[in-house]
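Lettering of chains follows the sequences in order, A, B, ..., and the numbering in each one begins at 1. Hydrogens, waters and symmetry mates are skipped; everything else that's a heavy atom, side chains included, is used.
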There are 2 protein chains.
Amino acid sequence: MKSSNSLVKIDGIDKKILRYLMEDARRPILEIARNIGISGAAIHQRLRKLEASGLLSGSKFVINPKALGYTTMAYIGIFLDKAMSNPRAVAALEKIPEVLECHYTTGNWSILIKVLCQDNEHLMQVLNKKIQQIEGVSRTETFISLDQQIDRQIRI
Amino acid sequence: MKSSNSLVKIDGIDKKILRYLMEDARRPILEIARNIGISGAAIHQRLRKLEASGLLSGSKFVINPKALGYTTMAYIGIFLDKAMSNPRAVAALEKIPEVLECHYTTGNWSILIKVLCQDNEHLMQVLNKKIQQIEGVSRTETFISLDQQIDRQIRI
DNA sequence: CCTGAAACTAGACAGAT
DNA sequence: ATCTGTCTAGTTTCAGG
């Protein structure tokens, strides 16, 4: 994988291929090939090149957590004691499966995390029995997402 | 698609299949089939069932935005005037490609969004010339993510 | 809920432009 | 450097247990 601070150049064909596959990673390559007007093999070669360049970092099946009863999403801003290092806090947060994202942020907090819980009671337990129990966490601020209204990737 | 408030039941085989494909949506089904010990056709039938149940909401190619020069990620809390309705604000935000997520939140702000920009100057322009220009946006608070240290889906 | 067969597609290679 | 044709292995559907 190429160093990711060298910018990758992509042409119109690459963009078309990526737009198809960003929507549906299992879309048949030959179907894309027919739409674009090149052979399937050419698409495979371009995809290999894009992967080698570091632009393509993989593919994922997307799960709908609501179908499993996970309906409460929240952002939590975390204040850390001066003595607590960020890497140690992240290591502790990684062990909590409800934590889906963790950002090292400027501004009010040391850390901003996104958590996904079954309901408010579950969220309360994650806060009180998991997050607040981490050594060095002094205070938290919670923002419940009543509805996620936009969720997308960068536009190509 | 089934109503998503009825909980989906999945067994151990479904979980194994999902864990493989959540990591890599293009992983060969037959490879998974051999690892689990059932036929490829059986996996396809299970996947169709999971999709019909609403648990599987699709698959995506994942792009590394840094390779395209997008290195500045930030969360922005937005205060809306009483007169501004949430849906109209979301409609305006949808037109801004740098906005990747939008959450209707409890707490301080009316809306919390995630934006991805090339650099700090680009972020400043998005803030001043796009977000703040939206009618009904009274004030914003910006938190730059210096580093996203965790990024994952729900654990199955 | 599973398997096996049939038709189609993915992914890799050699070779042409 | 990027394309095409071809070949093996994988995907996906369907009839049937």
Side-chain angles (χ1 to χ4, degrees), chain A residues 1-64 67-69 153-154 156, chain B residues 1-4 6-64 66-69 153-154 156:
Chain A
M1 182 147 94
K2 224 161 86 182
S3 149
S4 52
N5 35 17
S6 71
L7 260 59
V8 177
K9 296 215 174 179
I10 57 176
D11 63 11
I13 296 178
D14 290 326
K15 286 184 189 175
K16 282 184 187 173
I17 297 169
L18 289 173
R19 279 198 272 251
Y20 279 112
L21 292 171
M22 284 170 75
E23 253 181 41
D24 178 1
R26 287 194 87 94
R27 188 140 188 188
I29 303 290
L30 285 184
E31 189 185 318
I32 302 171
R34 281 189 294 265
N35 285 333
I36 297 183
I38 57 175
S39 70
I43 296 197
H44 278 281
Q45 288 163 3
R46 282 171 175 270
L47 286 174
R48 266 204 304 274
K49 201 190 61 179
L50 289 171
E51 192 161 17
S53 77
L55 174 57
L56 259 179
S57 49
S59 61
K60 287 192 166 71
F61 255 56
V62 183
I63 296 296
N64 171 18
L68 291 173
Q153 288 196 73
I154 190 178
I156 301 270
Chain B
M1 181 146 95
K2 225 161 87 181
S3 148
S4 52
S6 70
L7 261 59
V8 177
K9 298 215 172 176
I10 56 177
D11 64 11
I13 296 178
D14 290 326
K15 285 184 189 174
K16 281 184 187 172
I17 297 170
L18 289 173
R19 280 197 274 252
Y20 279 113
L21 292 171
M22 283 170 76
E23 254 181 41
D24 179 1
R26 289 193 84 96
R27 188 141 189 187
I29 302 290
L30 286 183
E31 190 185 318
I32 302 171
R34 281 188 296 265
N35 285 336
I36 297 182
I38 57 175
S39 69
I43 296 196
H44 277 279
Q45 286 166 2
R46 282 171 174 271
L47 286 174
R48 267 202 302 274
K49 199 190 63 179
L50 288 170
E51 192 162 15
S53 77
L55 174 56
L56 258 179
S57 47
S59 62
K60 290 191 165 68
F61 254 54
V62 184
I63 296 296
N64 171 17
K66 287 183 187 164
L68 291 174
Q153 289 195 71
I154 191 178
I156 301 270

*With sequence neighbours excluded, residues passing side-chain hydrogen bond (donor to acceptor under 3.5 Å, both in side chains) with B:R46*: B:D11, B:D14
*What is the distance, rounded to the nearest whole Å, between atom CG of A:L56 and atom P of C:dG11?*
12 Å
*Using whole Å, report how far CG of B:L47 lies from C1' of C:dC2.*
15 Å
_Nucleotide of C:dC2, C:dA12, D:dT4 approaching A:S39 most closely (side-chain heavy atoms)_ = D:dT4
*Reckon B:H44 has a side-chain N or O less than 4.0 Å from the OP1 or OP2 of D:dT12?*
yes
*For the pair made of CD1 in A:I43 and P in D:dT2, what is the distance, rounded to whole Å?*
15 Å
*In residues 19-29 of chain B, which ones come under 4.0 Å of DNA chain C, going by heavy atoms?*
B:R26
*Mind calculating the distance between CD1 (B:I32) and P (D:dT12) to the nearest angstrom?*
11 Å
*asked:* Less than 4.5 Å apart, side chain to side chain, heavy atoms only: is that true for B:E31 and B:R27?
replied: yes
*Base, sugar-phosphate, or nothing: which does B:Q45 touch, judged by heavy atoms less than 4.0 Å apart?*
base
*DNA chain D: 5'-proximal contact among A:G37 and B:G40 (nearest heavy atom)*: A:G37
*asked:* If I take atom CD1 in residue A:I13 and atom P in nucleotide D:dA1, what distance separates them, rounded to the nearest angstrom?
replied: 17 Å
*Should the pair B:E23-B:R19 be classified as a salt bridge under the 4.0 Å nitrogen-to-oxygen rule?*
no
_Spacing of A:L55 atom CG and A:I10 atom CD1 [to the nearest 0.5 Å]_ = 5.5 Å
*Gap between atoms CD1 and P, on B:I17 and D:dT12 respectively (whole Å)*: 13 Å
_What is the distance, to the nearest angstrom, from the NZ atom on B:K9 to the P atom on C:dC1?_
13 Å
*Check step by step if side chain to side chain contact (heavy atoms under 4.5 Å, CB included) holds for B:L56 and B:L47.*
CA-CA 8 Å; B:L56 258 179; B:L47 286 174; 3.8 Å; yes
*Would you mind reading off the distance between B:L30 atom CG and D:dT12 atom P, rounded to a whole angstrom?*
10 Å
*Identify, between B:K49 and A:R48, the residue whose nearest nucleotide on DNA chain C lies closer to the 5' end.*
B:K49
_Donor-acceptor contact present, side-chain A:Q153 to main-chain B:K60, <3.5 Å_ = no
_Can a donor-acceptor pair be found, under 3.5 Å and without considering hydrogens, that links the side chain of A:S59 to the backbone of B:A25?_
yes
